[in-house]
Chemist: 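After the C-alpha cells below, expect a handful of questions from me.
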Amino acid sequence: MASSYDHEDVQSQSQVDPLGYDPNYVPDSVRTFVVHLYRHIREKNVYEIHQMYESSFQTLSDRLFKETPWPSVDAVAHHVDNDHVFCLLYREMWYRHLYARLSPTAKQRIDSWDNYCSLFQVVLHGVVNMQLPNQWLWDMVDEFVYQFQSFCQYRAKMKNKTEQEIALLRQYDQAWNVYGVLNFLQALVEKSMIIQILEQEKEGLEQFTATDGYDYNGGSNVLKVLGYFSMVGLLRVHCLLGDYHTGLKCLLPIDISQQGVYTSVIGSHITTIYHFGFANLMLRRYVEAIREFNKILLYIYKTKQFHQKSPQYEQILKKNEQMYALLAICLSLCPQEQLVEETVQSQLKEKYGEKMNRMQRYDDEAFALYDELFSYACPKFITPSAPVYEEPLVNYNQEAYRLQLKLFLYEVKQQQLLSGVRTFLKVYSTISLGKLATYMEVDDPTLRTILMTYKHKTHAVDSDGKIGSNADVDFYIDDDMIHVIESKPTKRYGDYFMRQVVKLEGLMNDMDRVKLD
Amino acid sequence: MGIPKQQPQQQYTVEQLLALNPYNPDILPDLENFVNEQVSSQTYSLDANLCLLRLYQFEPERMSTQIVARILVKALMAMPAPDFSLCLFLIPERVPVCLTFCWENKYGQVILDSMCVSFLLLYAPGDGISLVKEEITVLAQMEEQFKTLIVLSHYLETARFRQFWDEAAKNRHIVEVVPGFEQAIQAYAIHVLSLTYQKVPRTVLAEAINIEGLSLDKFLEHQVANCGWVLEKSQGKGQLIVLPPNEFNHPELKKNAADSIPLEHITRIFPILG
C-alpha cells in the first residue's frame, strides 16, 4: 500500500529547487534523530519522544531544512527497520514541515491525504501499541483539518490552474473529499469510545483526564486521545462549513468549564475556545462567548511568556489578537463589561477602545468596522462541494466567507436602532411611550416595534431552549408607560465566604504542623 | 481509498441515521422524506434539517429548492430560536445550474447556447444575458421564494408584525404549505409581547397576532380561562390585556442566581465543616 506512491513521491520532486534538494541525502544528524526517535517510540519513553518531537525536530529543521523538505521516507526507512507505522509518522511530519515552510504542489497535497488515510486506518484497526505525547497527537488532528481547509481554498482558485493540475484534481476526486474528512474524524471519535469513557469518568469508573489521557496499564493512548481531539477537529470543520449548531454539539462531551485533556496542549485549548466562542457569537449567545473569550485571553496573558521558544508561539499570538477582535464585536453588540476581567479590559481598550466607540454608533462607519473586525478574526470558511470544471473557470474561494460576513452584517443591521434605546433607558427610570417616541423622532407604533426588537435581541435562546436575558439595561411596559429596571451589580458573598473558610482551614493546618520547642 | 466503510442501508429511523451515519450521502432521500413528514405531522427536528442542508452544500446538484423552502418555513416557526439564520448559513449563494440562453453577437446573429453556470440564488443575474423563457420562470421562482422568506424573517426579527402579516398574506402559496404556521408565529408574537409588556393595549395585541373583532374576543376568552391572562378596561382607550407575570416583565420575579452556589462547590468544604 505504501510503496506505490512513495515512488511517485521521489519522482514528483521535480520542483525547480535552487538549493538542489536531494531527497536521498540523509545527513548524520537526521540519521541519529530517526534512530533515536524510533527507539524511544518502541520503548514508550513519552518524555524523550516529546523532547525530540518538540525541540530536536525544530532545531534540525531550522538548521538544515529551512527551505527544503526533509529527506524522503525511502532514504531513512532502512535505519528504522522499514517499520511501517514509523514511516507513516515520519511522512506525517515530513508533509507538515513542507506545508509550513514551502508551498505544496497538487500531487503533494494528494499524497499527504493518502498518508493520513493510511495512518488513521492503522490507528482505527487498533493495532497500534504506542504512547505518543499529546502535543503530537493534537498536531496530527490540527494539521489534518488545516490541510483540508488549505486544499479547499486551493481547489477553489480555478482561474489559473494548468491542464495538468485540473486533470489531477479530476482523477483524485476522493482526496480531501469533505465526506472522507468528516467520516475519519467521526470514526476516530466512535472507535475510541471516548464519549463513553468521558461519561464513565464522571461516575468514577474510568481514568482518562486524571492521567492526561495516558495509559499506565501497558496499553496505548493513541486511539483514545486522537478520538478526543477529533471532537475539537469536528467543531472546527463544522465552523468552516458554517454549521455552528452541529459544531457545538460535537464538542458537548468535553466540559469546557473544567480543565481537561484539551487544556494539556495550549494549541488545543486555544483552538477549542476560539471556535466555541465564534460559534456562540454566530448563534447570538453573546454572554457565553464573552465569558469564554475572557477566560482564555486572561490565561494567554499570564502564560504566553512560557511559550516564547515554542514553534506554536506565533500562532498563539495570532489567535490572541483575533479573539480580542471577536470580544470587541461581542461587547459592542451586548455591552456587559462586568463579565470581563480588568487585565483583559485594559488590553481590549488599548487595541479596540476607539473602534468600539465608533461601532456603537451604528452608522456606515460602524458597519465598516464590524466588517473589518469580523473579516480579520473569522475562520477561513470553505466551499466543500466539488468544483465546476466547465468554462469559464473562476475563483470562488471567497464565496463561503462572503456569505457568512453578509449574514453577520445583516444581524448587526437589525440591531441598529437598539443603541439609541439603550442611551435613553439609561437616563430615565420611567418615561411615557409618547415622549420617548418624540425624542427618538419616530411615531408610537414604530417605537413599540423598536422596544420589542430590543427585548427579542437581548433575550437569547440557549442550547436547552431556555430564554435568558443578556441586557445590561432592561425595562417593561405598562400600557403606554415604560419602566426602566435598574440592574444592581450583585455582591457575591457566597464565594467570598467559601474562599475564607478554605483559607482559614489551611492556616490552622499549617499552625498545627509547627512544632514548638 | 481508505475512507471508512459506510453502514449498509437498513431500516433505521432518522434519529438513528443521524446518530450513526450523519456524513453519508445515501441518507439524503431519507432526510428529504423526513422534512415532508415534519410538515404533515407538525413536528420539527433542527438537527435533521441541518444535516440535510449540509448534504445539499456538499452536493449542490441534488438540492431541492422546494424542500429547502419548507425547511426555512419550519425554521421560522421555531422563533425566537435563531434556527432560520442557522439554515441560511448553510445555503450557498451560488448554485450550479445548467442554462440554455440566447444572445445576439456583434453580427446580429442570434446564438442559442447552453452552459453550466453558477446561478446567483438570491440575486438576479442582470448583465444583459437574456435567458430562454422556460428557464426564466424556474429561476425566478427559486429566487422569489427564498427572498420572500428572508423578508418575512426580517420582519419577525424586528417585531414588525403588521408588515409580516401583510407580506405573508401576499405569499399564501409559500406559507400555507406548512400546517401550523399561523399558530407558531402567533406563539412567537405572544412570547415577544410577554417579554415586553405587563399590560398591553388590545390594538397592539391584535396587530401582533393578526386576529381582530369577534375572533379576538374568543381568543382572549380562551387565554383568560387557560393561560392566566386578565382583561382590564383602560381609561377610555379600550381593553388592556394583563399578561401573566414572568421574570422578564416583572423584575421582582427575577431569580437572583448571581449569589447562588452550586452544590459541588459546597461539597468541597464538607470535610472542613464536618
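So you know, we letter chains A, B, ... as the sequences are listed, proteins then strands, and number each from 1. Please read these numbers as outputs of a predicted model, since none were measured by experiment.
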Chemist: Shorter than 4.5 Å, heavy atoms on both sides: which option in A:I467, A:V501, A:I482, A:L504 has the most such pairs with chain B?
Modeler: A:I467
Chemist: Under 4.5 Å heavy-atom distance to chain B, tell me which part of A:I450 shows up: side chain, backbone, both or neither.
Modeler: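 When you check distances to chain B, no heavy atom of A:I450 falls under 4.5 Å.
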Chemist: Any side-chain donor-acceptor pair under 3.5 Å between A:Q338 and A:Q336?
Modeler: yes
Chemist: So A:F278 and A:F381, would you call those rings parallel, tilted or perpendicular, with 30° and 60° as cut-offs?
Modeler: tilted
Chemist: Run the salt-bridge test on A:R448 and B:E207 with the 4.0 Å N-O cut-off and return the result as yes or no.
Modeler: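 The answer is no: the pair does not qualify as a salt bridge.
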Chemist: Before you tell me yes or no, could you show the steps for A:W113 and A:Y172 under side-chain contact (heavy atoms from CB on, under 4.5 Å), namely the whole-Å CA-CA distance, both residues' side-chain angles and the distance that decides it to 0.1 Å?
Modeler: CA-CA 10 Å; A:W113 160 259; A:Y172 295 102; over 6 Å; no
Chemist: Are there residues of residues 80-87 of chain B whose heavy atoms fall under 4.5 Å of chain A's heavy atoms? If so, which?
Modeler: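 Within residues 80-87 of chain B, the residues that come under 4.5 Å of chain A (heavy atoms only) are B:P80, B:A81, B:P82, B:S85, B:L86.
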Chemist: Restricting to ring pair (Phe, Tyr, Trp, His ring centres under 6.0 Å), what partner residues turn up for A:Y476, sequence neighbours left out?
Modeler: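 Ring pair (Phe, Tyr, Trp, His ring centres under 6.0 Å) list for A:Y476, sorted by chain: A:H483.
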Chemist: Go through the atoms of B:L46 and report whether side chain, backbone, both or neither lie under 4.5 Å from a heavy atom of chain A.
Modeler: side chain
Chemist: Heavy-atom pairs under 4.5 Å with chain B are the metric here; pick the option from A:T446, A:T449, A:D462, A:D479 that has the most.
Modeler: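 Of the options given, most contacts go to A:D479.
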Chemist: By a 4.5 Å heavy-atom criterion (distance strictly below it), what part of B:A19 contacts chain A: side chain, backbone, both, or neither?
Modeler: backbone
Chemist: Assess the pair B:Y188 and A:H456: is the distance between their ring centroids shorter than 6.0 Å?
Modeler: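 So the answer is yes for these two rings.
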Chemist: Highest number of heavy-atom pairs under 4.5 Å with chain B: which of A:A400, A:S469, A:P445, A:P384?
Modeler: A:P384
Chemist: Minimum heavy-atom separation for B:Y197 and B:V200, please, with both atom names.
Modeler: CG-CB, 3.7 Å
Chemist: Tell me, side chain or backbone of B:V204 under 4.5 Å from chain A's heavy atoms, or both, or neither?
Modeler: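 Only the side chain of B:V204 comes within 4.5 Å of chain A.
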Chemist: If contact means a heavy atom pair closer than 4.5 Å, which residues of residues 238-245 of chain A contact chain B?
Modeler: A:H238, A:L241, A:G242, A:D243, A:Y244, A:H245
Chemist: Does any backbone or side-chain atom of B:Y155 lie under 4.5 Å from a heavy atom of chain A? Answer side chain, backbone, both or neither.
Modeler: neither
Chemist: For the pair A:K455 (side chain) and B:T196 (backbone), establish whether a donor and an acceptor sit closer than 3.5 Å, ignoring hydrogens and angles.
Modeler: no
Chemist: Under a 4.5 Å heavy-atom cut-off, does chain A meet the side chain of B:L240, its backbone, both or neither?
Modeler: side chain
Chemist: Using every non-hydrogen atom in the two residues, find where B:I27 and B:P22 come nearest and quote the distance to one decimal.
Modeler: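 Heavy atoms only, the tightest pair is CD1-O, 4.2 Å.
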Chemist: Under the ring pair (Phe, Tyr, Trp, His ring centres under 6.0 Å) rule, collect the residues that match up with B:H154, sequence neighbours excluded.
Modeler: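 For B:H154 the ring pair (Phe, Tyr, Trp, His ring centres under 6.0 Å) partners, ignoring immediate neighbours, are A:Y410.
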Chemist: Without hydrogens or angle criteria, can the side chains of B:S45 and B:D47 be said to hold a donor-acceptor pair below 3.5 Å?
Modeler: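 No, no side-chain donor-acceptor contact under 3.5 Å.
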Chemist: Determine yes or no for a side-chain-to-main-chain donor-acceptor pair under 3.5 angstrom, with B:Q198 supplying the side chain and B:N249 the backbone.
Modeler: yes
Chemist: For A:K202 and A:D255, run side-chain contact (heavy atoms from CB on, under 4.5 Å): C-alpha distance rounded to whole Å, both residues' side-chain angles, the deciding distance at 0.1 Å, then the answer.
Modeler: CA-CA 11 Å; A:K202 284 194 208 149; A:D255 182 0; 5.8 Å; no
Chemist: Where the side chain of B:K74 meets the backbone of B:T43, is there a donor-acceptor pair that is under 3.5 Å apart?
Modeler: yes
Chemist: Taking every heavy-atom pair that is under 4.5 Å apart, which of A:V461, A:L283, A:L451, A:D478 has the most such pairs with chain B?
Modeler: A:D478
Chemist: Nearest 0.5 Å, what's the CG-CD distance between B:L205 and B:Q186?
Modeler: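 Answer rounded to 0.5 Å: 9.5 Å.
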Chemist: Would you sort out whether A:M282 and A:E411 count as a side-chain contact (heavy atoms from CB on, under 4.5 Å), showing the intermediate values?
Modeler: CA-CA 9 Å; A:M282 298 306 267; A:E411 175 66 31; over 6 Å; no
Chemist: Sort A:L234 into side chain, backbone, both or neither according to what part of it lies under 4.5 angstrom from a heavy atom of chain B.
Modeler: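 Only the side chain of A:L234 comes within 4.5 Å of chain B.
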Chemist: If we define contacts as heavy-atom pairs under 4.5 Å, which of B:V192, B:T158, B:V242, B:L55 has the most with chain A?
Modeler: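 The candidate making the most pairs under 4.5 Å is B:T158.
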Chemist: Non-hydrogen atoms of chain B under 4.5 Å away: do they reach the side chain of A:E190, the backbone, both or neither?
Modeler: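 It is the side chain, since no backbone atom gets that close.
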Chemist: Would you say that B:E61 contacts A:S385 through its side chain, given a criterion of any heavy-atom pair below 4.5 Å between the two side chains?
Modeler: no
Chemist: Under 4.5 Å heavy-atom distance to chain B, tell me which part of A:D480 shows up: side chain, backbone, both or neither.
Modeler: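 Interface part for A:D480: side chain.
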Chemist: Is A:M508 in contact with chain B via its backbone, its side chain, both, or neither, using a 4.5 Å heavy-atom distance?
Modeler: neither
